[in-house]
Amino acid sequence: MMAADSGATILEDKEDAPKIPERKKTKFDVVIIGAGPSGYTAGIYCSRAGYDTLILSGILPGGQLVNTTEVENYPGFEKAIMGPDLMIEMRRQTERMGTTIVDDECVDVDFRNNPFKILTSSEEYEGRAVIIATGANPRKLGLEGEQTFAGKGVSYCATCDGPFFRNLELIVVGGGDSAIEEATFLTKFATKIHLVHRRNELRASKVMQERAFRNEKIKFLWESEVIDIKGDQKMQQAVIRNIKTNEETVLDVGGLFVAIGHEPNTRLFKNQIDMDNEGYIILKNKTHTNIEGVFAAGDVHDRSYRQAVTAAGFGCMAAIDVDKYLTEKS
Ligand code: NAP
């Protein structure tokens, strides 16, 4: 029990209390935030140019390709390579070049002064140059049921979750390459796929469209949108509305895959880095952002191409720009 003259005791307690450890400072020439194709490629180039380079990979390294099945359009692989395998190869190559890779999440940045500060929950890193390669995240439909049934029927990753949906009817929403790729992949497990798209033509590349049109398991619901997701413990139904006629249809389905694009992962840099109204980083010149010494590469600024190979290309460009910047500075 605490003594009556407890002031001294409290003070002693405070002195004895374990101190919150100060963040360990770790200095690098270049800090790359993000470990997709752009981040890894930037790491390879920066390390090869002799810079002490750190990649902060986040908690799910590998970027969007980790959620992709076969990649047929990344040069160097005569036969298709699985997305996750490609990212493992890239990581190994980057590490072999001497890049330090830390699987931790960046929680804050301070770009006001150089060296820049890049913080995780336990560490403070410093970089003379920074490359932002944080990529983009899947876009949500914005329905209440989407949250209620997330992980209980609603998914954003066919590759990750497809095998859990065997012998069920499923919905895929979207009309781009992702939606078509996911729908095609899911036909391995599902009895039928309803592809719900808001327009009457697909955005996906012709070759992928044709593959999907030939697949008898995929049924297209044109000019339609999902307006509600229903169920009990798991999702059981989705309500589809025809945009032109307003007619509503209830589909009994065991799962719904949302594949409607992505949002750039730039929240951390708000108020420090110039962005457009959708949060894509604006490049001022080549890969330079508005802050001298801070560069951006990949889907975080690129809304046009968004391919693994273009992201890798941007990573290379950012690293070359970093080299020029650091050389001129020293
Ligand atoms: P995307 O090309 O932006 O397509 C998004 C699709 O979702 C569009 O059809 C869009 O409709 C629809 N959409 C957007 N917001 C919606 C909403 N709120 N409600 C309903 N529908 C909505 O995105 P992506 O398919 O994820 O592809 C991104 C990039 O990666 C593309 O450049 C693509 O070529 C590439 N990619 C390539 C491969 C491959 O080559 N293997 C695989 C996947 C992705 P609208 O068409 O009406 O705009």
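Both ligands and their constituent atoms are indexed starting at 1 by order of listing. Every value quoted in this text rests on a predicted model; they were computed, and no experiment measured them.
- Comparing heavy-atom distances from atom 25 (O) of ligand 1 across Ser178, Ala136, Ala308 singles out Ser178 as nearest.
- Side-chain N/O atoms of Glu146 and Tyr156 include a donor and acceptor closer than 3.5 Å.
- Heavy-atom distances between Glu225 and ligand 1 stay at or above 4.0 Å for every pair.
- Ligand 1 places these atoms under 4.0 Å from at least one heavy atom of Tyr305: 32 (O).
- With ring centers used as reference points, Phe213 lies under 6.0 Å from Phe220.
- Close approach of ligand 1 to Arg199 (heavy-atom distance below 4.0 Å) involves ligand atoms 45 (P), 46 (O), 47 (O).
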Does the side-chain hydrogen bond (donor to acceptor under 3.5 Å, both in side chains) test come out yes or no for Thr99 and Ser47, once each step is laid out?
CA-CA 6 Å; Thr99 308; Ser47 292; 2.6 Å; yes

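- No part of Glu72 comes within 4.0 Å of ligand 1, judged by heavy-atom distances.
- Using a 4.0 angstrom heavy-atom cutoff, Glu201 does not count as in contact with ligand 1.
- In this structure a side-chain-to-backbone donor-acceptor pair under 3.5 Å is missing from Glu223 to Asn200.
- The aromatic ring centroids of Phe257 and Phe165 lie less than 6.0 Å from each other.
- Residue contacts with ligand 1: Val173 is placed with no nitrogen or oxygen under 3.5 Å of a nitrogen or oxygen of the ligand (distance criterion only).
- Proximity to His262 (heavy-atom distance under 4.0 Å) selects the following atoms of ligand 1: 26 (O).
- Every ring pair (Phe, Tyr, Trp, His ring centres under 6.0 Å) that His288 has, sequence neighbours left out, goes to Phe295.
- Other residues, nucleotides and ligands contribute more than 12 heavy atoms inside 6.0 Å of the CZ atom of Arg199.
- The N/O atoms of Gly174, backbone and side chain alike, include none that comes under 3.5 Å of an N/O atom in ligand 1.
- Every salt bridge (Lys or Arg N to Asp or Glu O under 4.0 Å) that Asp29 has, sequence neighbours left out, goes to Arg128.
- With a heavy-atom cut-off of 4.0 Å, Asn73 touches ligand 1 through its side chain alone.
- Heavy-atom proximity to atom 17 (C) of ligand 1, evaluated over Met208, His197, Arg198, Glu223, is greatest for Arg198.
- The part of Arg139 lying near ligand 1 is the side chain, judged by heavy-atom distances below 4.0 Å.
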